[in-house]
Each structure stands twice: as structure tokens, then as C-alpha cells.
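Working notes, structure below.
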Number of protein chains: 2
Amino acid sequence: MNAEKIPNIIITRLPVYLRALQRMADNGLKTTSSQEMGDRVGISAAQIRKDISQFGEFGKQGTGYSIDYLIDKLREILKVDRMWDVIIVGAGDMGHALARYQGFANRGFNVVMIFDNDKNKIGQKIGDFTIEDTANLVERVKAADIKIAMLTLPASVAQGITDKLVEAGVRAILNYAPISLSVPENVKVQHIDPATHLQRMTYYL
Amino acid sequence: MNAEKIPNIIITRLPVYLRALQRMADNGLKTTSSQEMGDRVGISAAQIRKDISQFGEFGKQGTGYSIDYLIDKLREILKVDRMWDVIIVGAGDMGHALARYQGFANRGFNVVMIFDNDKNKIGQKIGDFTIEDTANLVERVKAADIKIAMLTLPASVAQGITDKLVEAGVRAILNYAPISLSVPENVKVQHIDPATHLQRMTYYL
DNA sequence: GCGATTTTGTACAATTAGGCACAAATCTGG
DNA sequence: CCAGATTTGTGCCTAATTGTACAAAATCGC
């Protein structure tokens with residue numbers, strides 16, 4: 001693997017390639033080309049070749065890429081060739097939906113705990129999970145060595161909980177709260193806000 | 001307003017600025033600076049000034065920006081100075097969560113219909129909505145002149161429904177299905193896939 | 001076996017995006 | 001009213017990203 005620093009913009013595309021490849025594998029396909037991948041994900045073939053070649057020479061001229069092999073390599077690069085324990089903070093509708101979502105398991109993630117600060121919710125069950133008190137968040141996260149959290153809270157409390165997560169050692173936060181979170185440089189945040197995403201399209205209507 | 005084409009990357013940042021400004025306004029603030037906005041959203045002040053200046057001279061030297069005025073301008077630019085009717089296709093957990101979400105109203109969106117193809121779900125209520133049959137999707141969307149849809153379906157049926165939405169005149173799709181959708185050039189898609197977003201962070205762990 | 005075809009990886013060119021720095025305008029506090 | 005501080009909008013430069021094109025390798029059809 002090339003030891004130079006890989007631009008983040010390339011890293012953001014790799015999971016999209018991986019998802020498309022896993023779908024091809026599910027359909028029984030064995031090989032693909034940068035052209036076919038590009039058609040599927042809406043990215044130029046040259047871009048895909050260049051992105052992949054940052055990490056090694058995984059393709060074969062005339063043939064393309066072995067789907068299974070490329071999946072293995074991408075999973076390794078993205079560090080999802082293992083299972084990551086993930087917590088959910090916020091047991092509202094979105095927290096419930098994520099807790100029940102079946103799509104994490106085969107993509108490297110395993111939800112292990114759910115927290116809320118609402119006394120009426122604490123102790124209730126969501127599937128196999130019992131909603132825990134955010135008062136115990138730092139202690140529980142530290143003890144279980146959790147590195148990834150999904151935040152499904154109102155904006156008003158999101159930054160406060162984020163600070164606790166950082167204190168507890170969390171290094172990656174998927175934020176569903178409609179607010180920009182402030183974190184130290186060694187912590188990554190991804191934002192999911194449906195209204196923001198919709199507003200990125202209305203400009204073009 | 002500058003008549004030249006505005007890069008998409010700038011458009012993607014505007015909703016983040018708008019969200020931060022609305023939050024400031026809710027907190028009773030009247031003016032802000034590119035510096036303060038930048039601190040809040042994690043973007044350089046120069047970048048914010050340059051982005052905003054693409055659309056006009058909305059700031060005042062020495063003072064900064066009037067929050068209310070800038071909100072009005074951004075809403076106008078993003079075309080969310082009006083209400084957009086939006087439909088949800090897929091009445092699973094995610095569809096339910098979006099249907100009940102209270103955060104759309106003050107950001108320009110109004111959910112008006114929910115569809116599913118599951119005979120057991122059709123006719124059921126989610127709040128004030130009755131789940132409708134996707135068999136009537138094209139007809140209903142055309143009649144109501146809907147331009148925006150949120151897709152909360154399994155990957156296996158997402159492309160088929162997308163084709164129907166496009167046929168019905170939908171021009172913006174917020175896709176929660178874990179698959180890249182193929183659409184004509186005049187239709188916009190934004191993807192929300194929690195596993196993909198998480199995989200964009202594990203690389204750095 | 002061999003010419004035609006496919007496809008990768010990459011060098012080079014072109015384009016796009018971002019950072020810096022400063023003149024000009026405005027405000028603030030005597 | 002004035003000196004010092006603040007803050008915008010932008011010209012210029014650098015960095016980052018994407019596109020083009022092609023040699024080299026591999027396959028395919030006969």
C-alpha cells in the first residue's frame with residue numbers, strides 16, 4: 001500500500017464502491033471493470049481506477065477486478081474486515097429505527113447499547129436492548145472500549161452528550177442531530193440531517 | 001446575484017450555514033461574523049465569506065452579517081423561502097421515523113403522503129397519514145405535482161420505485177436505501193446510508 | 001497462434017477549490 | 001472627530017482534484 005496520505009475525498013468514495021461490489025457479489029458476479037462499477041455508482045471509470053490504485057494494483061489488464069478480492073481489500077483498507085461495537089444515544093423514533101435496522105451486521109457494525117436521559121424510557125426494551133441512563137454513559141463506554149457512537153438526540157443536548165462521548169474515548173460519531181458538533185481533531189463526525197440534504201437539492205428545482 | 005454557475009460544493013455548504021444561523025436567531029442573536037459562523041460550523045471564515053459573496057454583498061464591513069437578513073437570503077437562494085410537499089415511500093421503521101419527525105416544518109418541507117407496497121400496511125395510519133398503495137404512486141404524485149420524495153425501502157426495490165418517481169415527475173430524491181440509484185440528469189439524488197457514513201470514519205480509527 | 005479487443009495503471013494537462021492578505025468600509029470609545 | 005479595532009469582499013497564488021490519453025498486459029475468437 002502506498003504510504004502517502006490518502007485524501008479524504010477518496011476515502012469517502014470507497015464505501016460506495018464496496019457497497020456496489022457487495023451487491024454484485026450477492027448477484028453471483030465474479031469480476032467487474034472500472035467501467036461497470038462507474039456506471040453503477042455514477043462515477044467515471046478513470047476516477048475509480050485512480051482511487052483503487054492508491055492502495056495497490058488490484059486489477060488485471062484485459063479482465064478487470066475480481067469482485068471478491070476487491071471486496072476483501074476494501075474491507076481491509078476501511079478497517080471493516082472486523083466487527084465494530086457501536087452505541088446509540090437517543091431512544092426516540094430515529095434511535096429505535098437504527099436499533100432495529102438489520103443492515104449493519106454485514107457491513108462491519110454491531111449495535112451493543114442504547115442510551116437515553118428520559119426517566120420514562122430508561123429500562124424499557126428495544127428488541128434485545130434495554131435503554132440505559134445517559135448518566136452512566138461515560139463509565140459504560142469506557143468499560144466496553146466503544147469507539148463509535150450514533151447520536152439521535154434533539155439539537156439542544158447533542159453537544160453536551162458529544163463532549164461526554166469524547167471524554168469516554170469515542171472517536172467516530174454519526175450525528176443525526178440538526179447541529180454542527182464541535183470535537184477535537186482526532187475525533188471524526190459525519191452528519192445526517194434530512195432537511196439539510198433536501199435543501200441541497202431544492203436549489204436545482 | 002452573480003449569474004455564473006455556482007459550484008455544487010458551495011450549494012452543499014449553504015444549508016449548513018442556514019441551519020447555524022437559524023440556531024443563532026433562536027438564541028436571540030442579531031448579527032454574526034464569518035469568523036463566528038466558521039467557528040460554529042468548522043469551516044474557515046474566508047471560505048464562508050467567499051461562498052456567501054457568490055450571491056451578493058450581504059455583509060457590512062466592521063459589523064458582519066445581519067442574521068435575519070442572511071437567513072432570508074439563504075432561504076431564497078436555496079428556494080426554501082416556500083414550503084415543499086414531500087412524500088415518503090416505504091413505511092418501515094425509517095419511514096415511520098421520518099413521518100413523525102417534527103424538524104421539517106421550519107426548514108421548508110411538508111410531508112403529505114406515505115406509500116408502501118405491503119398489503120398489510122396499506123390503509124394503516126401513521127399519525128394523520130394513511131399508508132397508500134405504491135400501485136397508485138405515479139397517479140397520486142402527478143396529480144399533486146410532487147417534486148421531492150424520500151425513499152425508505154429495501155435496496156431490492158429501490159431502483160424500480162425510483163423509476164416510477166421519475167416517471168411521475170419527481171426531481172429530488174433523498175435515498176435511504178443502501179444502493180446507488182440511477183436517474184436522468186435533471187433529477188437530483190442525495191444518499192443517506194448509516195453504514196456507508198460509518199465506514200467513512202473507520203479508516204481513521 | 002495471432003490479430004483484434006479489453007482493460008488497467010499512470011503520466012500529464014486542465015480545472016476546480018481553498019488559503020492568504022489587504023484595501024476599504026464601518027464601528028467604538030473616548 | 002479621530003485613532004484603533006473589526007470585518008467584509010476579492011485578487012492572487014497554491015493546492016487539490018479530475019479528465020485525457022496511452023503503453024502494457026491480458027484475453028478472446030477463430
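Bear in mind the structure is a predicted one, so any value in this text is a computation, not a measurement. A, B, ... follow the sequence lines: proteins, then strands. Residue 1 opens every chain.
For B:Asp118, the side-chain contact (heavy atoms from CB on, under 4.5 Å) partners are B:Asp116, B:Asn120, B:Lys121, not counting sequence neighbours. Qualifying side-chain contact (heavy atoms from CB on, under 4.5 Å) partners for B:Thr12, counting only residues two or more places apart in sequence or in other chains: A:Arg200, B:Asn8, B:Ile9. Residues satisfying the side-chain contact (heavy atoms from CB on, under 4.5 Å) criterion with A:Ala105, sequence neighbours excluded, are absent altogether. In this view, B:Tyr101 and B:Phe104 satisfy the ring-ring contact (aromatic ring centres under 6.0 Å, His included) rule, not counting sequence neighbours. Taking B:Ser44 as the reference, B:Ala46, B:Gln47 meet the side-chain contact (heavy atoms from CB on, under 4.5 Å) condition, with sequence neighbours excluded. The salt bridge (charged side-chain N to carboxylate O under 4.0 Å, His left out) test applied to B:Lys30 returns no partner, not counting sequence neighbours.
Rounding to the nearest 0.5 Å gives a distance of 4.0 Å between CD1 of A:Ile10 and CD of A:Gln54. How far CD1 of B:Ile67 is from OG1 of B:Thr32: 5.0 Å, rounded to the nearest 0.5 Å.
Going from atom CD of A:Gln54 over to atom C1' of C:dG9 covers 11 Å, rounded to whole Å. Between the CD1 atom of B:Ile48 and the P atom of C:dA17 there is a distance of 17 Å, given to the nearest Å. Distance B:Asp51 CG to C:dT16 P: 16 Å, rounded to the nearest Å. For the pair B:Arg49 CZ and C:dA23 C1', the computed distance is 13 Å after rounding to whole Å. Taking atom CZ on A:Phe55 and atom C1' on C:dT8, their separation rounds to 17 Å, with Å as the unit.
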Classify every nucleotide of nucleotides 25-30 of chain C by which part a protein heavy atom approaches to under 4.0 Å, writing B for the base, S for the sugar-phosphate alone and - for neither, in 5'-to-3' order.
BBS---
Side-chain polar contacts of residues 141-158 of chain B - donor-acceptor pairs under 3.5 angstrom, sequence neighbours left out - could you list them?
| unit_1 | atom_1 | unit_2 | atom_2 | d |
| --- | --- | --- | --- | --- |
| B:Asp145 | OD1 | B:Lys147 | NZ | 3.3 |
| B:Lys147 | NZ | B:Gly169 | O | 3.4 |
| B:Thr152 | OG1 | B:Val89 | O | 3.3 |
| B:Thr152 | OG1 | B:Gly90 | O | 2.6 |

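Of the residues in residues 10-45 of chain B, those lying under 4.0 Å from DNA chain C by heavy-atom distance are B:Arg13, B:Ser44.
Taking only side-chain atoms of B:Pro7, from C-beta outward, the nucleotide of C:dG9, C:dC20, C:dA17 with the closest atom is C:dA17.
If one axis is set at each end of the helix from C:dG1-D:dC30 to C:dG30-D:dC1 from five pairs, those axes are 40° apart, to 10°.
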Before you tell me yes or no, could you show the steps for B:Val111 and B:Phe109 under side chain to side chain contact (heavy atoms under 4.5 Å, CB included), namely the whole-Å CA-CA distance, both residues' side-chain angles and the distance that decides it to 0.1 Å?
CA-CA 7 Å; B:Val111 174; B:Phe109 305 101; over 6 Å; no
Criterion side chain to side chain contact (heavy atoms under 4.5 Å, CB included) on A:Arg49 and A:Tyr65, from CA distance to verdict:
CA-CA 10 Å; A:Arg49 289 202 301 279; A:Tyr65 300 93; 3.8 Å; yes
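Taking a heavy-atom distance under 4.0 Å as the criterion, the stretch of DNA chain D touched by chain A extends 5' to 3' from D:dT17 to D:dT27.
At the heavy-atom level, A:Ile9 lies under 4.0 Å from the strands shown only through sugar-phosphate atoms.
Applying the side chain to side chain donor-acceptor pair (under 3.5 Å) test to every pair with at least one member in residues 183-194 of chain B, sequence neighbours left out, gives these pairs: A:Arg19-B:Asp193, A:Arg107-B:Asp193, B:Asn175-B:His191, B:Asp193-B:Thr196.
In this model, a donor atom of one side chain and an acceptor atom of the other lie less than 3.5 Å apart for B:Gln35 and B:Asp39.
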